Trainee: 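The structure follows.
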Amino acid sequence: MPSPARRTQILAALKARLEQISVANGYWTNAAGHVHHGRVEVTADDVLSGTAVLALIPGRATKREGGRRMLLDLPLAIQGLVPADPVNPLDSVEPILADIKRAFFLPADEQLGGLVTHVAYVGESVTDRVSGGTLAGVEVEANVVYWEQYGLPEAG
């Protein structure tokens, strides 16, 4: 059986970073056990029972340079939902926003153990609750740069 594709390895490593988000690990929120690769249907009950729900969503990878060995840019969005404070709903997203950035952009391992050239912060946005809603959201955008060999997606 061949090795997993480099992209698969990268996404698994980044998801594992987000799965570390828990109060027991020194974070503000508890998202461990509620991290998904891709968008999932979420209800207020899901979030209220789990404190935070995160989704790691890859975008379209584009070739930056190279021939047989390609340097690729992979845009990612990390979306988080939390229970909204009824008086100041946007205050609710600050802890999960800080936790996502702290877990995802580790200065001690910017290259994911050699899988990537780097993981770069692109931007962030917050979403207020919809009228009558109970959830507030945040999205952190990142870009992952990595090498892949043409025809050998598992090789860098």
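Keep in mind that what you see is a predicted model, and the values were worked out from it rather than measured.
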Trainee: Can you list every ring pair (Phe, Tyr, Trp, His ring centres under 6.0 Å) pair that touches residues 84-103, not counting sequence neighbours?
Mentor: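 For residues 84-103: none.
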Trainee: With a 4.5 Å cut-off on side-chain heavy atoms, are Ile10 and Tyr146 touching?
Mentor: yes
Trainee: For Gln20, enumerate each residue passing the side chain to side chain donor-acceptor pair (under 3.5 Å) test, keeping only those at least two apart in sequence or located in another chain.
Mentor: Asn25
Trainee: Distance check, rounded to the nearest 0.5 Å: Glu19 atom CD versus His34 atom NE2?
Mentor: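 With rounding to 0.5 Å, CD (Glu19) is 11.0 Å from NE2 (His34).
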Trainee: Just jot down the salt bridge (Lys or Arg N to Asp or Glu O under 4.0 Å) partners of Glu94, sequence neighbours excluded, or say none.
Mentor: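 Not a single residue meets the salt bridge (Lys or Arg N to Asp or Glu O under 4.0 Å) criterion with Glu94.
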Trainee: Looking only at heavy atoms, what is the nearest atom pair of Leu112 and Ala13, with distance?
Mentor: CD2-CB, 4.0 Å
Trainee: Please tabulate, for side-chain N and O atoms in residues 70-77, each donor-acceptor pair with protein atoms closer than 3.5 Å (sequence neighbours left out).
Mentor:
unit_1 : atom_1 : unit_2 : atom_2 : d
Asp73  : OD1    : Arg64  : NE     : 3.3
Asp73  : OD1    : Arg64  : NH2    : 2.8
Asp73  : OD1    : Asn143 : ND2    : 3.3
Asp73  : OD2    : Arg64  : NE     : 3.2

Trainee: Look at the side chain of Asp99 and the backbone N and O of Ile21, then say whether any donor-acceptor pair between them is shorter than 3.5 Å.
Mentor: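 No, the answer is negative, given that no donor and acceptor are paired below the 3.5 Å cut-off.
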Trainee: Can you tell me how far the NE2 atom of His37 sits from the CG atom of Leu14, to the nearest 0.5 Å?
Mentor: 9.5 Å
Trainee: Got a sec, which pairs hit salt bridge (charged side-chain N to carboxylate O under 4.0 Å, His left out) with one end in residues 22-32, sequence neighbours left out?
Mentor: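 The answer is none; no pair qualifies.
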Trainee: Mind checking side chain to side chain donor-acceptor pair (under 3.5 Å) for Thr117 and listing every partner two or more places apart, or none if nothing turns up?
Mentor: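 Scan of Thr117 (side chain to side chain donor-acceptor pair (under 3.5 Å), adjacent residues dropped) gives none.
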Trainee: Where is the tightest heavy-atom contact between Ala136 and Val93, given as atom of each residue plus distance?
Mentor: CB-CG1, 3.6 Å
Trainee: Under the salt bridge (charged side-chain N to carboxylate O under 4.0 Å, His left out) rule, what pairs show up with a residue in residues 80-93, not counting sequence neighbours?
Mentor: none
Trainee: What residues, two or more places apart in sequence or in another chain, satisfy side chain to side chain donor-acceptor pair (under 3.5 Å) together with Gln9?
Mentor: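 For Gln9 there are no side chain to side chain donor-acceptor pair (under 3.5 Å) partners, ignoring immediate neighbours.
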Trainee: Hey, any chance Leu56 and Leu106 share a hydrophobic cluster, counting ILVMFWY side chains that come within less than 4.5 Å of each other, even indirectly?
Mentor: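 No, no single cluster joins them.
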Trainee: For Pro89 and Ala84, which heavy atoms make the closest approach, and how far apart are they?
Mentor: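 Closest heavy-atom pair between Pro89 and Ala84: CB-CB, 4.0 Å.
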Trainee: How close do Ala61 and Arg7 get, heavy atom to heavy atom, and via which atoms?
Mentor: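 Scanning both residues completely, I find the closest heavy atoms to be CB-NH1, 4.1 Å.
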Trainee: Leu81 and Ile57: same hydrophobic cluster, using ILVMFWY side-chain contacts below 4.5 Å?
Mentor: no
Trainee: Under the salt bridge (Lys or Arg N to Asp or Glu O under 4.0 Å) rule, collect the residues that match up with Asp109, sequence neighbours excluded.
Mentor: Arg17
Trainee: Would you give me the side-chain donor-acceptor pairs under 3.5 Å for residues 118-125, sequence neighbours excluded?
Mentor:
unit_1 : atom_1 : unit_2 : atom_2 : d
Tyr121 : OH     : Glu124 : OE1    : 2.6
Glu124 : OE1    : Lys101 : NZ     : 2.9

Trainee: How close do Gly26 and Arg102 get, heavy atom to heavy atom, and via which atoms?
Mentor: O-NH1, 2.8 Å
Trainee: Just to verify, what does Gln79 make a side chain to side chain donor-acceptor pair (under 3.5 Å) with, not counting sequence neighbours?
Mentor: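 By the side chain to side chain donor-acceptor pair (under 3.5 Å) rule, Gln79 matches Glu139.
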Trainee: According to side-chain contact (heavy atoms from CB on, under 4.5 Å), who are the partners of Ala12, at least two apart in sequence or on a separate chain?
Mentor: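 Partners of Ala12 by the side-chain contact (heavy atoms from CB on, under 4.5 Å) criterion come out as none, since no residue qualifies.
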Trainee: At their closest point, which heavy atom of Thr29 faces which heavy atom of Pro95, and how far apart are they?
Mentor: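 Taking every non-hydrogen atom into account, CG2-CB, 3.8 Å.
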Trainee: Among Ile96, Leu97, Ile100, Val35, which residue meets the side-chain contact (heavy atoms from CB on, under 4.5 Å) test with Ile78?
Mentor: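 Looking at Ile96, Leu97, Ile100, Val35, the match for Ile78 under the side-chain contact (heavy atoms from CB on, under 4.5 Å) is Ile100.
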